[in-house]
Amino acid sequence: MLGSGEYALQVPGQVAEGHFGLAVRDYTHSTAPNRRFPDLVAQRLLKAALAGQASPYSRDDLAALALHCTTQEDNAEKVERQVRKSAAALLLSQRVGEWFDGIVTGASDKGSWARVTGPVAEGRIVHGYEGLDVGARVRVQLLRTDVERGFIDFAAARARP
Amino acid sequence: MTTGRKRLQDIAQRAMLARGLLPDFSPAALAEAARITQAAAASDAAVRDLRGLPWASFEPRRWDRIVALAAAQRTRPALPTSRWRW
């Protein structure tokens with residue numbers, strides 16, 4: 001494990017990523033095998049090494065497993081983000097037409113975004129976004145929500161300095 | 001279960017399936033779990049109890065942070081005593 005949800009095969013003789021905080025090169029992170037499948041793989045490798053047995057996985061197996069686990073962790077994070085957005089849309093679905101104080105969190109040609117704080121939720125400003133920049137305080141009106149898609153649409157009243 | 005909670009659960013299940021993740025355990029996995037009647041016991045003589053050794057834990061998402069230093073000591077008859085320093 002190299003970082004958050006990123007797995008890679010490291011083999012003897014190659015330069016390892018290492019651990020910045022510990023300032024060591026030969027390092028791997030693994031924890032209890034009931035946490036993640038890669039931890040189970042690491043434990044099987046250690047167990048075989050300690051017993052003097054052959055590796056239960058080939059290098060190709062390990063490379064494929066690392067790629068698969070990294071991909072699935074990415075997918076899990078995407079699902080989590082999607083459900084969080086749907087939950088926010090559901091929470092606000094009964095408050096269409098209400099006004100909220102927020103901060104502009106994104107502004108580009110593709111659209112502008114605002115985060116409101118009561119409750120904390122982020123939505124797209126579909127009207128009145130012209131001239132808004134990131135960090136600007138803005139008062140927005142909730143226009144609509146789409147729980148299935150996790151969409152929250154606002155209209156901006158005015159930007160405040 | 002509330003309607004909203006059920007709705008979010010359905011959304012999560014569909015999203016997981018769409019991305020190749022299984023939201024529920026398979027019947028085969030449940031059947032295997034049901035066959036477990038007691039905790040596993042080590043049968044290999046090479047297996048050693050290492051719980052008496054000191055250990056440290058690092059937060060993987062914050063490489064510069066030690067999250068736990070611990071020393072464990074087995075007391076008689078069997079209950080371990082752990083000391084934690086955060």
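FYI, side chains are in, hydrogens and waters are out, and symmetry mates aren't considered; it's all heavy atoms of this structure. All chains are named by letter (A, B, ...) in the order of the sequence lines, taking the proteins before the strands, and each is independently numbered beginning at 1.
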Who wins among A:Thr71, A:Leu91, A:Leu50, A:Val147 for the most heavy-atom pairs under 4.5 Å with chain B? A:Val147
Answer with side chain, backbone, both or neither: which region of A:Ala87 has an atom nearer than 4.5 Å to a non-hydrogen atom of chain B? both
CZ (B:Arg14) and OG (A:Ser86) are apart, to the nearest 0.5 Å, by 9.0 Å
Inspect the surroundings of CD in A:Glu148 and state if more than 12 heavy atoms from other residues, nucleotides or ligands are less than 6.0 Å away. yes
Should we count CZ of A:Phe37 as having more than 12 external heavy atoms under 6.0 Å? yes
Check the hydrophobic clustering (I, L, V, M, F, W, Y; side-chain heavy atoms under 4.5 Å; chains of links allowed) and say if A:Leu92 and A:Val140 are grouped together. yes
More than 12 foreign heavy atoms under 6.0 Å from CZ of A:Arg149: is that the case here? no
How far apart are the closest heavy atoms of A:Lys78 and B:Arg19, and which atoms are they? CD-NH1, 3.5 Å
Please indicate whether A:Arg84 has more than 12 foreign heavy atoms, meaning atoms of other residues, nucleotides or ligands, lying under 6.0 Å from its CZ. no
Where A:Val79 and B:Leu21 come nearest, the two heavy atoms and their spacing: CG2-CD1, 4.1 Å
Residue, of A:Leu90, A:Val83, A:Asn75, that accumulates the most heavy atom pairs under 4.5 Å with chain B: A:Asn75
Enclosure of A:Phe100 CZ (heavy-atom neighbours >12, cutoff 6.0 Å): yes
Measuring heavy-atom distances to chain B, does A:Gln82 have an atom under 4.5 Å in its side chain, in its backbone, in both, or in neither? side chain
